[in-house]
2 protein chains.
Amino acid sequence: MTATGSRARRERLRAETTAEIKKVALELMASGGPDAITLRAIAREMGMTANAIYGYFATRDDLVTTLISDVYTALADAVDAAWSATPATDPAVRIEAWANAFRTWALVNPQGFRLVYGDPVPGYRAPEGGPAPEAARRVCTGLTALAAAAWPHARHLYRDSAFDWSDFDPGLLDKVRPAFPDLPPAAVALALRVWGHLHGLVSLEVYGHMHNQTTNPEKLFREEIAQLLQTLGVPRRR
Amino acid sequence: MTATGSRARRERLRAETTAEIKKVALELMASGGPDAITLRAIAREMGMTANAIYGYFATRDDLVTTLISDVYTALADAVDAAWSATPATDPAVRIEAWANAFRTWALVNPQGFRLVYGDPVPGYRAPEGGPAPEAARRVCTGLTALAAAAWPHARHLYRDSAFDWSDFDPGLLDKVRPAFPDLPPAAVALALRVWGHLHGLVSLEVYGHMHNQTTNPEKLFREEIAQLLQTLGVPRRR
DNA sequence: ATCGCAACTTCACGCCGTATAGTTTCTGCA
DNA sequence: TGCAGAAACTATACGGCGTGAAGTTGCGAT
C-alpha cells in the first residue's frame, strides 16, 4: 500500500507546487500589474528555473487563463456574497449592494480587473471555452437576478420591447431561464445594459480616465445607482 | 539662401520619417494589436535599424504616447463630425448620431480603442499631461454638449442633485463652462455617467465579453440609445 | 539491481527595449 | 574649395522574455 500512498503524496506535492505558482503569479500581478506575470519572474521567486513551470502549465497563456478564471471567480463570489447578505425583501438595497461590491472589488483589485476585462498580458489570446466564461455567466446571472428583483417595478417601461430569446447566447439562457422562469427577454437585455453601465464607470475609473474629469468618482457612482433605481422605479426605503 | 533651403529640406525629411514611423506603427497595431508596436518591427518594415527610431522618439513609450494622442484625436474628430452633421434642432437625432459614431469608430478601430482605453502596451505608463488628456476632454466636452441638448427635457430629473463645480476637474470645466454657460454641475455629472454607459457597452463588445452573452450587440446598443433618450425625456421624431 | 518516469536543469534560439560607440553623409562657414 | 561639426544611421552588446530540445537526478515498482 505504499504504492497508492506515495502516489497520493506525489499528487499532493504537485498540487501544492501548482498552487504556489498561482499564488506567486497573483502576487506579482498585484504589485506590478498583469504584465509582471512572467514565467521567469515566478520561477525566480520560487527558486526554480522558468522551464520547470512547463511541468505544470503547458504555456504561459495556459497559466494566465487559469489565473483569469480564478480571479473572475473571486469577483463573482464577491458580488454574489454581497447580494446574498442583503434581504430579498428590499430590491433597492440588494441592487445597491451588488453594484457597490462590484466597484469595491475592482478598486481593491485593480490589476485583477485589468486581467479579467482588459488585455491580460502581451500577446495573450483567450481560448474558446473554459471556466472564465463560466464566471462571466455567473456575473451575468447575478445581474439578471438584479433585473428580476426590479422587474415588477420596471416592466411597464419595456412593454414594446423587441427582444426575444434568440438574441441571447444559449449558454447564458441555460443558466438564467431555469433560475427565473417568468422573466421575459427584455429583462435579460436590461441586465446586460446595466452590466455595461456599471462596467463602463468602473472601467474608466480603474484605468484612470475618470481622474482627469471628476474629483469624486465615488459620488458619481452613487448617483449612478440612485438614478438606476429611480429609472427602474424601485422604491428606496428611508 | 541654400542654407535655409536645405535646412528646410532636412526638416521636411525629418517630418516625413516621423510620419512614416507613426504610419507603420499604426499599421502594425491594426493587424496585430497594440502589442505588435515594437521598435524592431517598425524598423524592419522601414528597412532601418531599431536604434534609428531613437532619433525621432526618445523611448518606445514616447512613441506610444504620441500614437495614443493621434488615435484619441481621431476618435474625437469622428464623434464631433457625426454630431456636427446632424441638425441642432433635433437633440434625439444628434445624441443617437454621437453614440453610434462612438460605437462604430470603436468597432472599426478595435485596436485603437484598446490602445486608448486599455493597457496600451506592456510596461507602458502614461505621462501626466500631454495631448491625450486634451482629446479625452474633447470627448467629454462632446458628451456635455449631448447633455446640454437634452437638458431642457431632462433637468426636472435632477432637481435635487448634490453636485457642485468642485466635484469636477478644473481642466474639464475650463472647456465646458465657457461653452455651456447656463449648464449646472448636475448636467456634467450626467454627461460623465452617459460616457460610462456607452463606454461600458462598447468596451465589453470590443473586448469580446458580450459575445458569450448576446448574439446581437448592435440591437442591445440601439436599445441603450432608445432608453437613454426616453429616460432623458428627449422626444423622438417619427 | 535495474527500469521507468516525473521533476527539474542546462543550453539554445529568436524576440524585445535600449545604452554605447562608431560610421557615413550632408551642411555651413573660412 | 576644404574642413569642422552635426545629423542620421549602423554595429555591438546587455539583460529580460517565452519556449523547444536534451540531459540530469531521485524515487517507487518490479
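Below, read A as the first sequence line, B as the second, and so on, with proteins coming before strands; counting in each chain starts at 1.
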| Between A:Arg14 and C:dA7, does any side-chain N or O lie under 4.0 Å from OP1 or OP2? | yes
| said: Looking at C:dC16, I'd like to know if its phosphate oxygens (OP1 or OP2) sit under 4.0 Å from a side-chain N or O belonging to B:Thr38. | reply: yes
| query | Closest nucleotide of DNA chain C for A:Ala52 versus for B:Thr59: which of these residues is on the 5' side? | reply | A:Ala52
| Shortest side-chain distance from B:Arg44, nucleotide among D:dG16, C:dA7, C:dC15 | C:dC15
| query | When the distance from CZ of A:Phe57 to P of C:dA7 is rounded to whole Å, what number comes out? | reply | 13 Å
| query | Donor-acceptor pair, B:Thr59 side chain versus B:Asp61 backbone, under 3.5 Å? | reply | yes
| With side chains defined as the heavy atoms from C-beta onward, is the minimum distance between B:Arg14 and B:Tyr56 less than 4.5 Å? | yes
| To the nearest Å, how far apart are B:Glu16 CD and D:dA7 P? | 19 Å
| note | Taken to the nearest whole Å, CG/A:Asp35 to C1'/D:dG18 is 15 Å
| query | When the distance from OH of B:Tyr56 to P of D:dA7 is rounded to whole Å, what number comes out? | reply | 12 Å
| field | From B:Thr73, B:Val79, B:Val71, residue fulfilling side chain to side chain contact (heavy atoms under 4.5 Å, CB included) relative to B:Leu75 | value | B:Val79
| request: Take the protein atom CZ of A:Arg40 and the nucleotide atom P of D:dG15, then report the distance between them rounded to whole Å. | output: 13 Å
| Whole-Å distance separating the CG atom of B:Asn51 from the P atom of D:dA11 | 11 Å
| query | In whole angstrom, what separates B:Leu39's CG from D:dT10's P? | reply | 14 Å
Under 3.5 Å, which donor-acceptor pairs do the side chains of residues 198-208 of chain B form with other protein atoms, sequence neighbours left out?
| from | atom 1 | to | atom 2 | distance (Å) |
| --- | --- | --- | --- | --- |
| B:Glu205 | OE1 | B:Arg103 | NE | 3.0 |
| B:Glu205 | OE2 | B:Arg103 | NH2 | 2.9 |

| request: Take atom CD1 of A:Ile42 and atom P of D:dC17, then tell me their distance rounded to the nearest Å. | output: 10 Å
